[in-house]
Amino acid sequence: MTKTTITLKINGATRTVDVEPSDVLIEVLRDKLGIKSPKIGCDRGDCGTCTVLLNGQTVRSCLVLAVEADGGEIVTLEGIGTDGLTPLQKAFIAHNSFQCGFCAPGVTLAATELLRKNAQPTRDEIKEAIAGNLCRCTGYTPIIDAIEDAAKPANKKTKAKK
Amino acid sequence: MRYVGEALALVAAATLAQARAAAAAVVVQYEELPALFDMAAARQPGAPQLYKENNIFKELHITRGDPAAAFAHCAAVVAHTYRTPPQEHAYLETQGMLAVPQPGGVMQLYGSMQCPFYVRDGVAAVLGSTLGATQITQTSTGGAFGGKEDVPSLPAAHAALLAWRTRRPVRLIYERDEDIICTSKRHAAVIRSKYGADRDGLLRAVEIEYLVDGGAYATLSPIVLFRGVVHAAGPYRCPNVRVDGYAVATNHVPAGAFRGFGSPQVLFAAERQMDELARQLKLDPVELRRRNLLRAGDATITGQTLHASVGATDTLDTALAYVREHPLAPPPANAPHLKYGRGLSTIYYGVGLGVGGEYLARTGATIQINHDGSVVFAVGTTEIGQGMKTVLAQIVAEALGVPFASVEMLPTDTTRVPDSGPTVASRATTMSGNALLHAAGQLRERLNAVAAEVLGRAPLQISLHHGQIFADGAPAALSFAQLLHECAVRRVSLSAQGWHHPRPLKYDWQTGQGDTYVVFSFATNIAEVLVDERTGATTVLRVTAAHDVGKAISPAGVEGQIEGGTLQGIGYALTEEIVQANGVIRNPHFSTYIIPTACDMPELVPLIVEHPFPDGPFGAKGFGEQPLMGVAPAIANAVCNALSISQYELPLTPERVWAALHSA
């Protein structure tokens, strides 16, 4: 097996890294590039904690070979809210959306993608968009409430729950 | 080797690939011995001996009155056998530990855990080291739910052994399938239950046999069994009771702690029994419960009189009122195969370790006010996502009279406070909260004395709120910063240690009579479902959950616990079941062990009821486990209501429901 050098644009910065052909994107992000927000919850695409944006689309970074991402643009949680928290992140805080927080990076990216593609999602569309991101703590309600709130342009100040 | 998944050898290597190759090179020769995978078989005379002479890790009994005689006088008697499956915690972060040998023979561990003091004791025992030379630091923990109570001691000891041997740091992280195969589950259970009531629906006699499959090692089974036995008949009065509990040894993976700790199984049976009894008496299930629910002054089945903070009936009324005032839209008229059903459960939960774990029921805390006004505190319990950090910071801020934003919790570490027992049994708010109140009280005395001296007042005239000083209720001409300066000039220590243990409990282990827990929390769940009678598939429309928590210190946190626990309960009710064949777990992945996704989430209505607990911090009593506990019986009762069937086994898969519908 021969090492390959790949180039990735990660959170706006260009990085090159030597990888094995069998290296999976999440290993490269976490172990070679020190980007720790994508988590390993199952390592087989079931749980969504490793979700990142690759060329604007959410992918399970445990199911993508690093070489497949060569030349691509990757956004992780580290690249969200770099100029202050986004309205989505503020809504997550206002709604007490997370408990242990292990799912939060993946959920944040899934919701970010949704709101970019669909500024006014219905509640069912929100559920569908995060259905691949398991959460065992919250019952999803405060996550969905926050995404719904962040999508409401007329309602800028996030209303506290109930 | 006693179960599939038990460690046989430890391998450390510089890379994961090397470690995998080395582990694969280990050749194991097995000589097969007879194994037991069934509780009934394990209890047969002549069964292979796994534990002592009878394969029973623990038996516990409650005897009150004379149930055998009382049944003869009952107008209605219902007897059924209920079964519940092993449930997986499915915390999203698997078990993980980092062991780092330190100079001077100290072993430092960092990891995901609920109970650093358990890890410390385990690692020290394995290394033959002292507790002082074993330092455990909890890192951010990605969910626990009981699965990180005793289990983390194992990966910690394994990592520590390798680190001790190699004199290098060792990181050990379970993969998901390893985690599901090797670590504890909620006990599978069989509950044989006989209830008798008089013509008015008053419970006269209850007989329950509770069997839990403890798996290959006793671990926490004895104390899980204790909680189950105490909760076996639910939050009702009954003068004649017999409960017999047995934790049975088998060759399954050891079962252990999981939110509810032996009570969800018995409460499923108890609340199904109440509906079965109501059906036989032709009484409204709500009315049957109302007539029997514990009120202040009543005694539980162990003869414990409840004096205060008994909100059972209030939770029932609160949940019913909500459902009455917010009716759901009727099911679509063009879908007559979708049957609407409603079911409820009322349950209770003994808060804290109780008499079964009394020797561990103490906690320490420290608080330090820095000279810039920032406050740090440390406790021996852990933040595991349940929101303890927020609640305790609120308690410290309120008790000291400083702004919430100035208070920070330090990471939980075994060297910061004395052994404070485990973070289990919904005990962190009350135990660490009270220990912090003890520490804060000492600091307030010192602050008040100095302020009084500066202002020429008596200490009792001084109060502090949100960092502002008041004398006789009026703002004083002394800022908090100035007060801290005056304390520094006088060299007054602004660091204090707190300690708390609950009042002692008296219990007779022979008869099972006496006081079991210092206080109980209560909850009523109302589940509304649509069941497709063509397929047996259940859709939960809404769960209305009213919880008496004493006092909600963080209402948003309480709602979060209710919502999250309710969804775990929905999983337990409908889909979650660890499937084992000859001791091998067949579904060790999230693609085959199905936990609810966002699309499975019904409308969840958390309702807070407050009956303050006089000995709790600001009236709070713990309740974190309770949200899961009553959901499965409420859903089961709703499904039975929708289809006019009876169900005795979880989970209520479409296959099971369909079979019940067609066997009638």
Side-chain angles (χ1 to χ4, degrees), chain A residues 1 20 22-24 27 30-31 36 39-50 60 62 93-107 110-111 114 123-148 160-162, chain B residues 15-17 88-94 96 112 140-145 147 173 175-177 179-180 383-387 390 543 545 554-557 559-571 588-606 627:
Chain A
M1 299 232 274
E20 303 282 348
S22 59
D23 280 353
V24 177
E27 295 168 2
R30 287 183 61 88
D31 300 339
K36 301 285 191 182
K39 306 288 182 225
I40 301 173
C42 69
D43 217 11
R44 45 179 273 152
D46 293 334
C47 78
T49 59
C50 66
R60 305 278 175 265
C62 72
I93 293 170
H95 284 273
N96 200 32
S97 292
F98 298 109
Q99 290 182 23
C100 86
F102 203 77
C103 72
V107 170
L114 170 71
R123 217 169 155 82
D124 282 341
E125 286 169 339
I126 294 171
K127 288 184 182 181
E128 197 63 47
I130 62 163
N133 294 82
L134 296 178
C135 166
R136 190 57 158 170
C137 296
T138 67
Y140 303 103
T141 308
I143 296 173
I144 295 164
D145 288 346
I147 298 171
E148 205 173 26
K161 208 171 87 183
K162 281 178 253 312
Chain B
T15 69
L16 189 57
E88 163 61 31
H89 307 84
Y91 36 70
L92 283 189
E93 180 192 46
T94 56
S112 186
S140 294
T141 294
F145 316 116
I173 297 174
E175 293 181 342
R176 176 60 58 186
D177 55 346
D179 197 291
I180 292 182
E383 170 63 52
I384 47 178
Q386 84 281 46
T390 306
V543 178
S554 165
E559 289 179 357
Q561 287 299 293
I562 296 175
E563 290 161 345
T566 302
L567 202 62
Q568 286 181 353
I570 291 172
H589 295 289
F590 289 146
S591 52
T592 44
Y593 184 84
I594 306 300
I595 66 171
T597 73
C599 290
D600 302 313
M601 190 209 64
E603 184 184 350
L604 302 180
V605 183

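Computed over heavy atoms, backbone and side chain alike; hydrogens, waters and symmetry mates excluded. Not measured: the values here are computed from a predicted model. Numbers restart at 1 for each chain; the letters A, B, ... are given by sequence-line order, proteins then strands.
Shortest non-hydrogen contact noted between B:Gly560 and A:Gln99 is O-NE2, 2.9 Å. Annotation for B:Glu563 and A:Pro142: closest pair OE1-CD, 3.4 Å, computed over non-hydrogen atoms. Minimum interatomic distance between A:Cys47 and B:Phe590 (heavy atoms only, all atoms of both residues): CB-CD1, 3.9 Å. When every heavy atom of A:Ala131 is checked against every heavy atom of B:Cys599, the shortest pair comes out as CB-SG, 3.7 Å. When all heavy atoms are compared, the tightest approach of A:Arg136 to B:Tyr91 is CG-N, 4.5 Å. Contact detail for B:Ala598 and A:Ile144: the closest heavy-atom pair is CB-CD1, 4.4 Å.
The 12-atom threshold is not exceeded at CD of A:Glu128, counting heavy atoms of other residues, nucleotides or ligands nearer than 6.0 Å.
Contacts between B:Gln561 and chain A at a heavy-atom distance below 4.5 Å involve backbone atoms as well as side-chain atoms. Contact annotation for B:Thr566: neither backbone nor side-chain heavy atoms come within less than 4.5 Å of a heavy atom of chain A. Of the two parts of B:Pro596, the backbone and the side chain both hold a non-hydrogen atom closer than 4.5 Å to a non-hydrogen atom of chain A. Residue contact with chain B, scored on non-hydrogen atoms closer than 4.5 Å, involves the backbone of A:Thr138 exclusively.
Distance SG/A:Cys137 to CD/B:Gln568: 7.5 Å, rounded to 0.5 Å. Atom CG of A:Asn133 is separated from atom OG1 of B:Thr597 by 10.0 Å, given to the nearest 0.5 angstrom. Atom OH of residue A:Tyr140 and atom CG of residue B:Leu604 lie 11.5 Å apart, to the nearest 0.5 angstrom. Once rounded to the nearest 0.5 Å, the distance linking SG of A:Cys100 with CD of B:Glu93 reads 7.5 Å.
The candidate from B:Gly142, B:Gly143, B:Ser591 with the greatest count of non-hydrogen atom pairs under 4.5 Å with chain A is B:Ser591. Between chain A and the residues B:Asp179, B:Leu16, B:Thr94, B:Ile595, the largest count of heavy-atom pairs under 4.5 Å involves B:Ile595.
Side-chain contact between A:Lys39 and B:Leu92 is absent, with no heavy-atom pair separated by less than 4.5 Å. In this structure, the side chains of A:Arg44 and B:Arg176 stay at 4.5 Å or more apart for every pair of heavy atoms.
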